[in-house]
Colleague: 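Quick one: the structure is below, and I'll ask about it shortly.
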Amino acid sequence: MSFTSGGRPEDRRTVTDPRALRALAHPLRLALLDHLMSFGARTASECADAVGSTPSNCSYHLRALARFGLVERVEAEDGRERPWQSTATGLQLGRGDDPGAVELRGNAERCRDPSAEGACDRGSRLGVDAVERFFADHQIDEEAARLHRAIALRDSVPPVWRESSILSGYALRISPGELRELGERLDALIRPYIALTRTAAPGDSAVVALNLNAFLHPDAELPNTSDEDAPDTDTPDAEAPSDAEVEEP
């Protein structure tokens with residue numbers, strides 16, 4: 001699918017429904033949704049090639065995502081197999097008001113087989129914090145794997161793309177408020193280039209993976225702000241008598 005002619009209206013959503021989170025807590029379903037949100041509408045066969053599964057298995061998991069409104073069918077341009085697309089152009093997996101547990105799925109390879117669906121359960125119910133940790137860990141693993149693939153394929157990439165690629169890291173000295181502001185400013189710069197929503201992109205454009213991660217360094221020493229609020233014990237008490245005012249017994 002080309003993004004050069006026009007894009008979809010922006011629709012950013014936060015998923016907080018525990019049932020929808022449970023549907024997403026499956027490696028293959030996350031991979032399918034990520035692929036659709038990166039490249040636009042795709043058939044189950046095209047998804048299978050991208051995620052390393054079978055068309056029938058992808059169809060099964062796409063239907064599961066559709067039950068919670070995460071993907072939908074669209075009309076086929078050639079009148080043959082109808083493709084799927086994500087219903088949102090941006091998705092955040094957030095914390096909801098329901099403190100209930102969400103059951104996560106386990107082994108990715110076993111979960112690729114619909115007949116083994118019941119065998120995939122971890123057999124434990126994890127709280128919301130653990131669910132958020134699961135999604136964060138999965139995202140980090142996927143980003144690292146994608147970066148390793150890109151590096152391995154670097155020699156086959158056209159020189160103009162190799163020279164334009166970015167692999168940078170920074171150590172910032174910044175306050176929480178400044179970090180929040182920086183994130184908002186970067187988001188505002190990046191958002192016009194989102195593949196699903198961009199209009200009138202150049203003819204030589206392609207989908208590029210861009211990941212932003214900013215967090216308190218694990219080895220950072222936090223400033224001791226409590227000293228600023230403590231009383232200054234070095235300042236003489238204004239009501240205390242001076243040496244000249246002290247009477248000898």
Colleague: Roughly how far, to the nearest 0.5 Å, is the CG atom of Leu36 from the CG atom of Leu91?
Modeller: 11.5 Å
Colleague: For Ala201, is there any backbone N or O sitting under 3.5 Å from a side-chain donor or acceptor partner on Ser205?
Modeller: no
Colleague: For Val15 and Phe68, run side-chain contact (heavy atoms from CB on, under 4.5 Å): C-alpha distance rounded to whole Å, both residues' side-chain angles, the deciding distance at 0.1 Å, then the answer.
Modeller: CA-CA 10 Å; Val15 179; Phe68 294 95; over 6 Å; no
Colleague: Can you give me the closest heavy-atom contact between Ala206 and Trp161, atom names plus distance?
Modeller: CB-CZ2, 3.9 Å
Colleague: To the nearest 0.5 Å, tell me how far Ile174 CD1 sits from Arg180 CZ.
Modeller: 10.5 Å
Colleague: Name the orientation class of the two ring planes belonging to His138 and Phe134 (parallel below 30°, tilted from 30 to 60°, perpendicular beyond 60°).
Modeller: parallel
Colleague: Could you please spell out the steps behind the side-chain contact (heavy atoms from CB on, under 4.5 Å) verdict for Leu222 and Leu216?
Modeller: CA-CA 9 Å; Leu222 294 177; Leu216 181 68; 3.8 Å; yes
Colleague: So, for Ser53 and Leu28, which heavy atoms are closest and what is the spacing to 0.1 Å?
Modeller: OG-CD2, 3.9 Å
Colleague: With the 4.5 Å side-chain cut-off for hydrophobic clustering, are Val207 and Leu167 part of the same group?
Modeller: no
Colleague: Look at the side chain of Arg73 and the backbone N and O of Arg82, then say whether any donor-acceptor pair between them is shorter than 3.5 Å.
Modeller: yes
Colleague: Take a 6.0 Å sphere around CZ of Arg154 and say whether it holds more than 12 heavy atoms from other residues, nucleotides or ligands.
Modeller: no
Colleague: How many angstroms lie between CD in Gln92 and OG1 in Thr16, if you round to the nearest 0.5 Å?
Modeller: 10.5 Å
Colleague: Quick check: do Gln85 and Met37 have side-chain heavy atoms less than 4.5 Å from each other?
Modeller: no
Colleague: Do the side chains of Tyr170 and Leu210 join up, straight or via other hydrophobic residues, at under 4.5 Å, putting them in one cluster?
Modeller: yes
Colleague: How about Arg42 and Pro83: do any of their side-chain heavy atoms sit closer than 4.5 Å?
Modeller: no
Colleague: Please check if the side chain of Glu142 supplies one atom and the backbone of Gln139 the other of a donor-acceptor pair under 3.5 Å.
Modeller: no
Colleague: Test your reading of the model: is there a side-chain donor-acceptor pair from Arg12 to the backbone of Ala88, 3.5 Å cut-off?
Modeller: no
Colleague: Could you report the tightest heavy-atom contact between Ala209 and Arg146, atom names first, then the distance?
Modeller: CB-CD, 3.8 Å
Colleague: Is any side-chain heavy atom of Leu186 closer than 4.5 Å to a side-chain heavy atom of Leu182?
Modeller: yes
Colleague: Are Ile140 and Ile151 connected in the hydrophobic side-chain network, where two residues link if heavy atoms are under 4.5 Å apart?
Modeller: no
Colleague: Can you tell me if Arg162 has over 12 outside heavy atoms packed within less than 6.0 Å of its CZ?
Modeller: yes
Colleague: Does any non-hydrogen side-chain atom of Asn213 lie less than 4.5 Å from one of Phe215?
Modeller: yes
Colleague: Testing Leu196, Leu70, Asp34 one by one against Ser86 for a side-chain contact (heavy atoms from CB on, under 4.5 Å), which residue passes?
Modeller: Leu196
Colleague: Assess the side chains of Thr87 and Arg13: does a donor N or O sit below 3.5 Å from an acceptor N or O?
Modeller: yes
Colleague: Which atom names give the shortest non-hydrogen contact between Cys47 and His35, and what distance separates them?
Modeller: SG-CD2, 4.3 Å
Colleague: Arg8 side chain to Thr197 main-chain N or O, any donor-acceptor pair under 3.5 Å?
Modeller: no
Colleague: State, with a plain yes or no, whether a side-chain heavy atom of Ser156 is found less than 4.5 Å away from one of Leu153.
Modeller: yes
Colleague: Are the side chains of Thr89 and Ile194 in touch, meaning some heavy atoms are under 4.5 Å apart?
Modeller: no
Colleague: Passes side-chain contact (heavy atoms from CB on, under 4.5 Å), Ser164 versus Val208? Steps please.
Modeller: CA-CA 11 Å; Ser164 303; Val208 169; over 6 Å; no
Colleague: Looking only at atom types and distance, does a side-chain atom of Glu178 sit under 3.5 Å from a main-chain N or O of Ser175, one as donor and one as acceptor?
Modeller: yes
Colleague: Kindly give the heavy-atom pair with the smallest separation between Ala44 and Glu81, and that separation in Å.
Modeller: N-OE2, 3.3 Å
Colleague: Just wondering, do Asp187 and Leu212 contact through their side chains at under 4.5 Å, heavy atoms?
Modeller: no
Colleague: How far does SG of Cys58 sit from CZ of Arg63, to the nearest 0.5 angstrom?
Modeller: 11.0 Å
Colleague: List the steps, then state whether side-chain contact (heavy atoms from CB on, under 4.5 Å) holds for Trp84 with Leu65.
Modeller: CA-CA 11 Å; Trp84 296 84; Leu65 292 173; over 6 Å; no
